[in-house]
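To start, the structure itself, in structure tokens.
One-based numbering, in listed order, for ligands and for the atoms of each. Throughout, residue positions are numbered sequentially from 1 according to the sequence presented.
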Amino acid sequence: MVCAILVLESRSTMANENWALRGNLLDFTGEPAWAQVQSPQVRWRPDHWLLVRGHRIEAVQAEPPGPDWRRIDHGDRLVMPGLIDTHVHAPQLDVLASYGAELMTWLHEYTYPAEARFDNERIAHDGAQRFIRALLRHGTTAALAFSTVHEAATDALFAAAHAQGMRLITGKVLMNRHVPPQLQDDVSGAEQACRRLIRRWHGCGRLAYAVTPRFAPTSTEEQLAMAAELLRDDPSLYLQSHVAENQAEVQWVRELFPESRSYLGVYSSRGLLNRRTVLAHGIWLDDEDRSRLQAAGATLAHSPSSNLFLGSGLFNWRQAREAGVRVCTASDVGGGTSLNLLRNLAAAYQVQALLGQRLTAWSALHSVTLGAAQALCLDQEVGRLEAGCTADITVWDWAQDPALEHRLALTRSLHERVFAWLMLGDERLLRSVVVAGRVAPDIA
Ligand code: GUN
Ligand code: ZN
């Protein structure tokens, strides 16, 4: 019911005109090979027009469109698909940059108290609005996000995304042990809340539901079994959680699930690992874990700024790719320090450098556009600048200050230029964000 009303509202405000945007178009036709700066999968279309009709891209062409297309000329600017964040926590804008703790202390000192406040409807509503707007202001037009344990806060989050026409996958957090009492749910209450939320929001416009056990230590056997049953009942649901982020956490999971061969094994042996599973971190996995992830077609959401900030460890991206595991890059705010995925990709480059590897700009950007869309089974809709896709688009300045402009002028190839832009740029370079064919207000 709620959904139907919101769809009508958002349609009526959706641009129903034809318009076209000009700039230098960058996207991917497939996954660029690791460490190759020359890649046939990079699609670079300088000085092209993107034609948008309603909420879709109608055509991409070099010649200007006819007079019935309103034109927005971005000249030399960089045009990319809207960025996709595959792991982020909506309530955790409130704990960004909290000082001095590793994962478990950080959760108890900062994060759980902040999430407990989302019990209050006003705080939940304002927090949801703030989060969705913040994503857009950082160039993110689609996300797989954690809500809190609260059903009403999750409703508020879905509604806020829906009002912006945004692609959001989220779910009520499941946690029935080892968290403060005011944040604990119980199996049957949680199941009913999940089923209500799924009925209200899953498949409503651009929204989808993710079953969201926080991480193995905060769910009992019974709750994990209930999560698996939800997935069995509707295979179009997503599953999001955390895995093998921090060594003390891995040890704790070993003690809580002594029969399990590994942390990942807790999820895989309970039917929680499939093509629509996205697990954050995955730093401390072994070969068998990687091979199970690969076989399931599941995704690791590498969260580099979070891993550095919380001191969790260095994720070996190349090793995961060589095992055939899908890898995306995510912000993991508020463990992560920025919602802007360019900042997180710069951190990802530095992490790989510490491991003796080099991440190209192509692998990096692919992991937050087409690669992320594929991970979420949404590549027919987002992640590409192509006729038929939903018009989720970002437009970026190359530089705003003379020093960056000077540096970019010295680059000798497209990869050098995009790489320097990626390492040095951030959301202040974002000029325009288009969500489902509509230019989002309040950007830049
Ligand atoms: N593990 C369980 N919960 C969380 C969380 O909120 N953030 C991070 N980074 N790891 C977690
Ligand atoms: Zn997280």
Side-chain angles (χ1 to χ4, degrees), residues 85-98 100-118 127 131 135 140 143-150 153-154 157 169-180 183-185 210-219 223-224 227 238-253 256 263-264 266-267 272 277-285 299-315 328-339 341 344 347 351:
D85 194 341
T86 42
H87 181 73
V88 58
H89 297 257
Q92 293 185 12
L93 287 183
D94 298 15
V95 297
L96 272 168
S98 293
E102 283 204 6
L103 176 64
M104 295 316 302
T105 313
W106 176 81
L107 285 171
H108 283 275
E109 274 192 13
Y110 303 111
T111 308
Y112 292 151
E115 294 191 11
R117 290 195 286 274
F118 277 64
F131 174 70
L135 285 181
T140 297
L144 173 60
F146 274 52
S147 174
T148 60
V149 72
H150 312 102
T154 310
L157 186 55
I169 306 166
T170 188
K172 170 202 135 45
V173 172
L174 299 170
M175 43 186 182
N176 67 344
R177 63 171 176 169
H178 299 139
V179 291
L183 279 175
Q184 257 177 48
D185 56 12
V211 178
T212 308
R214 181 171 208 119
F215 63 155
T218 49
S219 285
Q223 192 167 62
L224 293 175
Y238 293 84
L239 184 290
Q240 59 177 345
S241 193
H242 297 87
V243 72
E245 172 176 3
N246 166 296
Q247 283 177 297
E249 171 215 20
V250 172
Q251 178 55 32
W252 191 29
V253 172
L256 291 170
Y263 191 156
L264 187 95
V266 174
Y267 301 135
L272 295 172
T277 298
V278 178
L279 298 175
H281 307 287
I283 301 170
W284 308 101
L285 299 175
T299 296
L300 286 179
H302 173 34
S303 305
S305 75
S306 170
N307 296 342
L308 293 171
F309 184 74
L310 296 176
S312 302
L314 304 177
F315 171 74
C328 295
T329 304
S331 73
D332 192 27
V333 157
T337 46
S338 173
L339 280 181
L341 288 165
N344 283 282
V351 168

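- Within the listing of ligand 1, atoms 8 (C), 9 (N) sit less than 4.0 angstrom from a heavy atom of D332.
- Here's the thing with Q92: one of its N/O atoms is less than 3.5 angstrom from an N/O atom of ligand 1.
- Proximity of a side-chain donor or acceptor of N344 to a complementary backbone N or O of S338 within less than 3.5 Å is detected.
- Here the protein heavy atom with the shortest distance to atom 3 (N) of ligand 1 is R214 NE, 2.8 Å.
- When heavy-atom distances to ligand 1 are checked against a 4.0 Å cut-off, F309 has no atom that comes that close, whether in backbone or side chain.
- The Zn ion (ligand 2) lies at 2.8 Å or more from every N, O or S atom belonging to H281.
- Given atom 10 (N) of ligand 1, the protein heavy atom at minimum distance is E245 OE1, 2.7 Å.
- Checked against L144 for a side chain to side chain contact (heavy atoms under 4.5 Å, CB included), the options T212, I169, T299 give a single hit: I169.
- Distances from the Zn ion (ligand 2) show that D332 has an N/O/S atom below 2.8 Å.
- Just one of L310, N307, V243 meets the side chain to side chain contact (heavy atoms under 4.5 Å, CB included) condition when paired with H281; it is N307.
- With respect to atom 7 (N) of ligand 1, the closest heavy atom belonging to the protein is W106 CZ3, 3.4 Å.
- Distance alone, capped at 3.5 Å, is enough to place a donor-acceptor pair between the K172 side chain and the V149 backbone.
- Checking S303, S306, S312, S305 one by one against D332, the side chain to side chain donor-acceptor pair (under 3.5 Å) holds for a single residue, S306.
- Our summary of the site lists the angle at the Zn ion (ligand 2) between NE2 of H87 and NE2 of H242 as 100°, to the nearest 10 degrees.
- You'll find the ring centres of H242 and F146 inside the 6.0 Å limit.
- Screening L239, L279, T277 against Y267 for a side chain to side chain contact (heavy atoms under 4.5 Å, CB included) leaves a single residue, L279.
- Each of the atoms 5 (C), 6 (O), 7 (N) of ligand 1 lies under 4.0 Å from some heavy atom of H89.
- Contact atoms of ligand 1 toward L103: 8 (C), 10 (N), 11 (C) (distance under 4.0 Å to a heavy atom of the residue).
- Counting heavy atoms under 4.0 Å from ligand 1, residue E249 does not touch it at all.
- H87 approaches A301 most closely through the heavy-atom pair CB-CB, 3.7 Å.
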